[in-house]
Protein chains: 2
Amino acid sequence: MNVQSYLIQETVNGILTEISDFQEGEMLVLKDNTLAKKLKVSRTTIRTAITELETKGIVEINGSHKQVLRSPNSSDYFDTSNSVSSKEEIIEKYFLDLINRGKLLPGDKFSELELAKSSGCNTITVREFLIKFSRFGLIEKSPRAKWQMVKFDEKFALELVEFRRILEMNSITQLLAVPEGDAVWSELSELLDKHLAVLEDVENRYTELSELDRKFHFIVQRASDNRFFMQFFDVVSLICHYHYQWNKGDELERNKVALEEHVEIITQLLAHNTSGVIIAMETHLNTAKKTLLRSAHGLE
Amino acid sequence: MNVQSYLIQETVNGILTEISDFQEGEMLVLKDNTLAKKLKVSRTTIRTAITELETKGIVEINGSHKQVLRSPNSSDYFDTSNSVSSKEEIIEKYFLDLINRGKLLPGDKFSELELAKSSGCNTITVREFLIKFSRFGLIEKSPRAKWQMVKFDEKFALELVEFRRILEMNSITQLLAVPEGDAVWSELSELLDKHLAVLEDVENRYTELSELDRKFHFIVQRASDNRFFMQFFDVVSLICHYHYQWNKGDELERNKVALEEHVEIITQLLAHNTSGVIIAMETHLNTAKKTLLRSAHGLE
DNA sequence: TTTTTTATTTTTATATATAATAATCATTTT
DNA sequence: AAAATGATTATTATATATAAAAATAAAAAA
C-alpha cells in the first residue's frame, strides 16, 4: 500500500480524534462538509482521508452515507512525528543544520544541485528556499554563479549590532509601558527563575543560554507590537546565533556573563526602574557587540 | 535566423566597441581569454559571440585564429534598449505596473498561473519573483492557496509609520554628523533647488514629488551607512508609494505640503540646526502618517 | 613556464508534465 | 430554503528535461 501524504495522514488522525469517543452501537455519521470546516482542509482531502478510514475498517461508506463502525485504537493513528510536512521543511532543516554545525562558513560557495542531492530534494525546492532565506542577508548570489555565504567582516557585525540596538532599545521602552496586570510580567518572572536555575549549575547547563536568549529577546521585541520589528527579530537572532558558533573557546564564561546580564535586565524590568533597564540593556548590547566583533576578527 | 539571447547580444556589442578603432589593413587578432576578462563573461559566451561576428562578416575564424576583417558600423550593433535581460525583469515590471495602476488592491487574490499567462512568463519565474517580493510584506499566501494582497488596515499603517520614524530619525542624526566637505551636502542643496523649481510651478509639476521624495529619503537613509537600514528603505518606500496611489482627491494640496516640508528639512539640514531638523522631520513624518491613515480608512 | 585553446563538466535558467489539494458549480438531500 | 454531495475545474507542489552560461581540466601554443 502506498504511503499517504503528510496532510492526508494528519487529516486521518484528526478525524480519528473527532470520533474517539464513539460508543459501541451508537449511530455516528460523518459529514465531509462539517469535517472540512473543523479540520480546516478542503473536502477533497476529507474524502481521501475517509476512504483511507474505510480500508482500515473504521468507517463504512455507502454512497454518500459514511458511518462509523468502531471506535479507533491507538494503532489506527499515523505516526507523523518523524515525517515532514513538505520538502521545504526538509531542506530548511538540512540547511540550518549545515550552518549550525559550522559546515558552511563565511565566504564558502555552494550550488543548488549539490544541496538538492545531499538533502534529497529537487533543485527547485532548494532554489526557492534559498531565495526566501536570502532575505536574512547571510547568503547571496549573482546570476548563473554559485551561492555564497556572505563574508562576515567587522562592518557587517557593527551594522547588525547597531540595528539591533535601535530596535531593542525602542521595544524595551514600550515594554516598560505595559500595564501591571499583563501576562508579560509573569512570563518575565518565570524567565528570571529559569535563568537563576541555569546559573546555579552553570558549568553543566551553560549551553541552555541559546534558548533563553532567544526567548528573552523575543519577549522584548514582541512588546513593539510591530510586524516590521518582528521580521527583523528573526533576522538578527539567526545571524547572531550563527556567528556565536565558532568562538567555542570562552563559551562558558561568555554565556555566564550573558545570563547574568539578562538577570539584571529582567530584575530592573520587574522593578519598573526605567533608567536601570536602559543601563542594563546598554551593557548587554555592548557585550554582545564585543563578542560579535571578536568572532568577526577570528575569521580574518 | 534565430534571435540571440540578451547576454550574447550585449557581448557582441561589447566586442564591437572593443574593435571600433580598427584601421583598414591593420592586423587585429581576438583572444577569447582577454575578451572574457574585459567583458566579465565566461569564455563560452565570448565564443558564441565571435561566431555571431563571423556570420556578420566582421571577423574571420581560422581554427583558433580570429582576425578582424573590417571596422564595425552602427548597423552591426544589436539594439538591446527594448529587450529585457531576463524573464524576471519582465514579471517584475509587469507586477509593479499592476500595483501602480491600482489593478491589485488590498485583499485582492491572484494566482501564479494567471500572472504567468498574462505576463508571458512561466509559472516558476512568477513564483520565484513572488517569493522574493513577499519580503516587502505586501503579499502573502498560505499553502496551496492563492496569493493575496495584504489587507491594509490602520494597524498596518501605524506599524509602518512607527518603524519608519525610528529608522529615519536615527539616520538623520547620523546625517547631521557628516563633515562639512562631504558630497552629500552639495547633493542636498541641489535637491533643494529642484524642490523649489517644482514648487514654482506646482500646479503642473506636483506629480514630480514622488521621485523627489524617494531621492530625499534615500539620501537620509543612506547616511546610516547600514545595510539593514537600507533594506528597509526599499520596503517602506514601496509600500508608501503603493498606498498613496488611491487618494487622488487632494493630491495637489498634499504634494505641495510634502514639498514644503522637504524644503524646510533640507534648509535646516544645510544650516546644521539640529533641533530644527528634528522638529521639521517630526512634522513631516506626522503628515505622512495622517495621509497613510486616511488612505487606510478610505479602503474600509 | 606561462598563456591560450579545445573539450568536457557543472551549474543555473527555463519549460513542461504530473500529482496533490483546493475551489467551484450544479444537483440532490434534508 | 439550507445544507450536503458529486463531478469538475483551477491551482499549487513536485519532478524531470533541455538549453544557456560558467567553470574546469587537459592539451597545445607561445
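Sequence lines set the chain letters: A, B, ... in the order given, protein chains first and strands last, and positions in each chain run from 1. Below, each value reflects all heavy atoms present in this structure, side chains not excepted, and no hydrogens, waters or symmetry copies. These numbers were taken from a predicted model, which means no experiment stands behind them.
Rounded to whole Å, the distance from CD1 on Ile131(B) to C1' on dT12(D) is 11 Å. Atom CD1 of Ile8(B) and atom C1' of dA19(D) are 12 Å apart (whole Å). Rounded to whole Å, atom P of dA23(D) lies 12 Å from atom CD of Gln148(A). Going from atom NZ of Lys109(B) over to atom C1' of dT12(D) covers 14 Å, rounded to whole Å. To the nearest angstrom, P of dT14(D) lies 12 Å from CD1 of Ile91(A). Following rounding to the nearest Å, Glu112(B) (CD) and dT21(C) (P) show an atom-to-atom distance of 17 Å. In this structure, Glu52(B) atom CD and dA20(D) atom P are separated by 13 Å, rounded to whole Å. Protein atom CD of Glu92(B) is 17 Å distant from nucleotide atom C1' of dA13(C), rounded to whole Å.
Across the interface with DNA chain D, nearest-nucleotide mapping of Glu114(B) and Glu128(A) shows Glu114(B) to be the residue nearer the 5′ end.
Glu211(A) CD: 12 or fewer foreign heavy atoms inside a 6.0 Å radius.
Counting all heavy atoms, side chain and backbone alike, Asn226(A) lies closest to Glu159(B) at ND2-O, 2.8 Å. Closest approach of Lys66(B) and Asp32(B) over heavy atoms only: NZ-OD2, 3.3 Å.
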- [ ] Under the side chain to side chain contact (heavy atoms under 4.5 Å, CB included) rule, what do Leu53(A) and Val68(A) come out as? Steps first, then yes or no, please.
- [x] CA-CA 9 Å; Leu53(A) 287 175; Val68(A) 179; over 6 Å; no

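Of the side-chain N and O atoms in Thr48(A), none sit less than 4.0 angstrom from OP1 or OP2 of dT21(C). Considering only side-chain N and O atoms, Arg127(A) lies under 4.0 angstrom from the phosphate OP1 or OP2 of dA13(C).
The ring of Phe110(B) has its center closer than 6.0 angstrom to the ring center of Phe95(B).
In this structure, Phe163(A) CZ and Leu158(A) CG are separated by 15.0 Å, a value rounded to the nearest 0.5 Å. Here the CD1 atom belonging to Ile58(B) is positioned 11.5 Å from the CD1 atom belonging to Ile50(B), to the nearest 0.5 angstrom.
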What's touching nucleotides 15-18 of chain D from the protein side, N or O pairs under 3.5 Å?
{"residue": "dA15(D)", "atom": "OP2", "partner": "Asn122(A)", "partner atom": "ND2", "Å": "2.5"}

Report, one pair per line, the protein and nucleotides 1-8 of chain D atoms (nitrogen or oxygen only) whose separation is under 3.5 Å.
{"residue": "dT5(D)", "atom": "OP2", "partner": "Asp32(A)", "partner atom": "N", "Å": "3.3"}
{"residue": "dT5(D)", "atom": "OP2", "partner": "Asp32(A)", "partner atom": "OD1", "Å": "2.3"}
{"residue": "dG6(D)", "atom": "OP2", "partner": "Arg47(A)", "partner atom": "NH2", "Å": "3.3"}
{"residue": "dG6(D)", "atom": "N7", "partner": "Arg43(A)", "partner atom": "NH2", "Å": "2.6"}
{"residue": "dG6(D)", "atom": "N7", "partner": "Arg47(A)", "partner atom": "NH1", "Å": "3.3"}
{"residue": "dG6(D)", "atom": "O6", "partner": "Arg43(A)", "partner atom": "NH1", "Å": "3.2"}
{"residue": "dG6(D)", "atom": "O6", "partner": "Arg43(A)", "partner atom": "NH2", "Å": "3.4"}

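Under a cutoff of 6.0 Å and an axis angle of 45°, Lys103(B) and Tyr94(B) do not form a cation-pi pair.
Looking only at side-chain heavy atoms (C-beta outward), Glu52(B) and Lys56(B) come within less than 4.5 Å of each other.
When the nucleotides dT12(C), dA22(C), dT11(D) are ranked by their closest atom to the side chain of Ser111(A), dT12(C) comes out on top.
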